[in-house]
There are 2 protein chains.
Amino acid sequence: MRQNPARRTALLDAAIEVLARDGSRGLTLRAVDKEAGVPTGTTTNYFTNRGDLLRQVMTRTGERLAPDPEALAETMKAKPSRELTAILLRQLLERMRADKPSHLAMLELRLEATRRPELQEDLTRIFATMLDANIKWHLDSGLPGDRDTVLLLYVAMLGVIVDDLTVPGLLEPYDTGKLIDALVTRSLPGGGR
Amino acid sequence: MRQNPARRTALLDAAIEVLARDGSRGLTLRAVDKEAGVPTGTTTNYFTNRGDLLRQVMTRTGERLAPDPEALAETMKAKPSRELTAILLRQLLERMRADKPSHLAMLELRLEATRRPELQEDLTRIFATMLDANIKWHLDSGLPGDRDTVLLLYVAMLGVIVDDLTVPGLLEPYDTGKLIDALVTRSLPGGGR
DNA sequence: AACGTAGTACTGCACTCGCAGTGGTGTCAA
DNA sequence: TTGACACCACTGCGAGTGCAGTACTACGTT
């Protein structure tokens with residue numbers, strides 16, 4: 001088992017690319033070799049088998065999904081408000097559109113997790129940590145809304161992302177921007193309007 | 001190309017099962033044969049190739065996802081209200097949990113559509129029709145809320161379903177029932193409370 | 001009733017492809 | 001020189017796929 005960490009992440013990124021482009025069906029050790037532009041057999045040397053590769057791809061994808069701390073800090077200079085919440089969500093969507101492979105790969109992994117208990121455990125842990133952190137962060141940063149607000153925003157944005165990734169034409173006539181506005185406006189408790 | 005419609009749908013249902021259990025990776029013509037308990041090669045006779053099978057699986061899945069008209073009529077005897085909306089959404093979730101294969105297959109198809117333009121077209125059309133019908137139906141039946149309400153309910157429920165299918169442990173501590181209540185309460189315009 | 005024909009279903013086979021895994025050789029640095 | 005890594009060649013194997021041939025059934029004709 002090889003250790004070179006730079007090459008390892010390069011392979012993982014290549015795997016994400018393959019996963020997004022060709023799906024779980026196309027994700028083979030050879031395909032990763034080819035995508036990464038390394039000689040055949042290299043991926044075999046870095047991962048004991050396909051399952052191992054998947055697990056490591058998952059954590060790598062988790063890393064890539066996290067927002068850029070600097071950009072986030074920049075945005076958070078504004079005073080916490082309803083508008084800021086909407087801006088954050090828009091940025092989330094933009095981030096997704098800018099890095100579709102990661103999100104597609106994550107979707108593939110979700111499905112793969114359906115059939116691999118160990119993967120599902122890892123995945124649940126990762127998402128749970130993300131969600132908890134999100135809730136805490138949202139409340140701490142003084143953004144409007146309670147815990148349920150964050151949960152609703154989470155599921156709704158997940159839905160938007162899934163749709164936008166897989167059937168982009170569906171929500172298009174409804175303008176996702178406005179949809180997000182409506183979402184923010186309404187998911188705050190009390191002052192619905 | 002064989003025509004026997006009963007056998008054809010039997011094969012399609014078997015394909016849905018395979019798709020849900022083994023994923024797109026496991027969906028082969030032979031696998032469908034095995035799942036349906038028919039002799040090897042039968043599926044080849046009914047579908048010219050894998051792509052053809054996928055398309056037909058999609059429309060079949062669409063059929064299976066539709067709610068039972070009778071049960072729906074029964075539910076709709078109650079007077080349209082916020083509570084009724086919540087009940088309908090809960091039923092949607094129950095229906096999903098009762099027929100996971102269909103929903104999982106649909107998710108697989110969504111991802112597959114990412115790589116097959118013709119499938120994406122079909123899929124978009126199917127979903128668009130569903131969504132339009134849903135909006136119209138919601139408004140016509142006197143349920144509270146406007147068009148945006150239905151859209152929000154749609155994306156949020158999609159998110160809930162995806163999560164529940166793939167990482168069921170994530171939303172569990174938050175009680176999906178209550179989550180749906182909060183969703184309904186808040187996605188109505190004006191009277192957020 | 002016997003026969004022929006067409007449509008349908010089943011079965012086995014052969015071909016190809018590509019994957020996984022192993023072992024061996026080359027190369028560089030300590 | 002030794003150890004770790006990179007690269008490459010080879011083998012065995014399993015899977016996917018399409019084709020060709022066979023069996024069954026229904027129906028119509030004479």
Side-chain angles (χ1 to χ4, degrees), chain A residues 1-58 60 105 108-109 111-112 114-116 118-119, chain B residues 1-58 60 104-105 108-109 111-116 118-119:
Chain A
M1 173 103 65
R2 302 297 136 80
Q3 292 309 333
N4 184 340
R7 184 165 269 238
R8 167 163 258 116
T9 51
L11 289 174
L12 289 174
D13 284 337
I16 291 176
E17 216 64 31
V18 173
L19 208 46
R21 175 161 34 80
D22 303 330
S24 160
R25 189 160 209 267
L27 183 70
T28 66
L29 302 179
R30 304 296 146 147
V32 176
D33 286 338
K34 206 172 273 179
E35 175 70 27
V38 299
T40 314
T42 306
T43 309
T44 316
N45 292 332
Y46 276 82
F47 308 91
T48 53
N49 54 43
R50 195 167 176 272
D52 182 34
L53 174 64
L54 281 174
R55 288 187 71 162
Q56 300 201 32
V57 165
M58 202 191 58
R60 173 65 184 153
E108 292 279 0
L109 287 171
L111 282 169
E112 196 70 29
T114 296
R115 295 154 229 136
R116 296 174 183 259
E118 79 283 7
L119 214 89
Chain B
M1 175 102 65
R2 304 298 136 78
Q3 292 309 334
N4 183 341
R7 182 163 270 238
R8 169 165 256 113
T9 50
L11 289 175
L12 288 174
D13 284 336
I16 291 176
E17 215 64 32
V18 174
L19 209 46
R21 176 160 35 79
D22 304 330
S24 162
R25 188 177 165 80
L27 184 70
T28 67
L29 302 178
R30 299 293 183 239
V32 176
D33 286 338
K34 207 172 271 182
E35 175 72 26
V38 300
T40 314
T42 306
T43 309
T44 315
N45 291 332
Y46 277 82
F47 308 92
T48 54
N49 53 42
R50 195 166 175 274
D52 183 33
L53 173 64
L54 281 174
R55 287 188 74 162
Q56 300 201 33
V57 164
M58 202 191 56
R60 173 63 184 154
L104 275 172
E108 292 279 359
L109 288 170
L111 282 169
E112 197 70 29
T114 295
R115 293 153 230 139
R116 296 174 182 261
E118 79 284 5
L119 232 140

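Atoms considered below: every heavy atom in the structure, side chains included; atoms not considered: hydrogens, waters and symmetry mates. Residue numbers begin at 1 in each chain, while the letters A, B, ... track the order of the sequences.
In this entry the distance linking CZ of B:F47 with P of D:dT17 reads 13 Å, nearest Å. Regarding A:R2, its CZ atom lies at a distance of 15 Å from the P atom of C:dG21, rounded to whole Å. As a whole-Å value, the separation of A:N49 CG from C:dT22 P is 11 Å. Note: OH (A:Y46) to C1' (C:dT22) measures 18 Å, nearest angstrom. Rounded to whole angstrom, the span from the CZ atom of B:R25 across to the P atom of D:dG14 amounts to 16 Å. Between A:L54 atom CG and C:dA20 atom C1' the separation is 15 Å, expressed in whole Å. Per the geometry, CD belonging to B:Q3 stands 19 Å off P belonging to C:dA6, to the nearest Å. Summarising the geometry, the separation between CG on A:L53 and P on C:dC19 is reported as 13 Å, rounded to the nearest angstrom.
Nearest heavy-atom pair, B:R8 versus B:Q56, reported as atom, atom and distance to 0.1 Å: NE-OE1, 3.2 Å. Smallest separation of non-hydrogen atoms from A:A15 and A:L53: CB-CD1, 4.3 Å.
Residue-to-nucleotide contacts include no donor-acceptor pair under 3.5 Å from the side chain of A:R7 to the base of D:dA6. A:R30 contributes a side-chain N or O that forms a donor-acceptor pair with the base of C:dG21 under 3.5 Å. Counting distance only, with no hydrogens placed and no angle test, the side-chain atoms of B:R50 and the base atoms of D:dT17 include no donor-acceptor pair under 3.5 Å.
One finds a side-chain N or O of B:N4 lying less than 4.0 angstrom from the OP1 or OP2 phosphate oxygen of C:dA9. Look at B:T28 and you'll find a side-chain N or O under 4.0 angstrom from OP1 or OP2 of D:dG16.
Taking 4.5 Å as the limit, every side-chain heavy atom of B:T43 sits out of range of all side-chain heavy atoms of B:R30. At a threshold of 4.5 Å between non-hydrogen side-chain atoms, the residues A:Y46 and A:L12 do not count as touching. Looking only at side-chain heavy atoms (C-beta outward), B:E112 and B:R116 come within less than 4.5 Å of each other.
Across all strands shown, A:T43 has no heavy atoms under 4.0 Å from either base or sugar-phosphate atoms.
Distances from the side chain of A:L29 to the nucleotides D:dT17, D:dC7, C:dA20 place C:dA20 closest. Residue B:P39 places its side chain closer to C:dT11 than to any other of C:dA9, C:dG21, C:dT11.
For the pair A:G26 and A:T44, both in contact range of DNA chain C, the more 5′-proximal nearest nucleotide belongs to A:G26.
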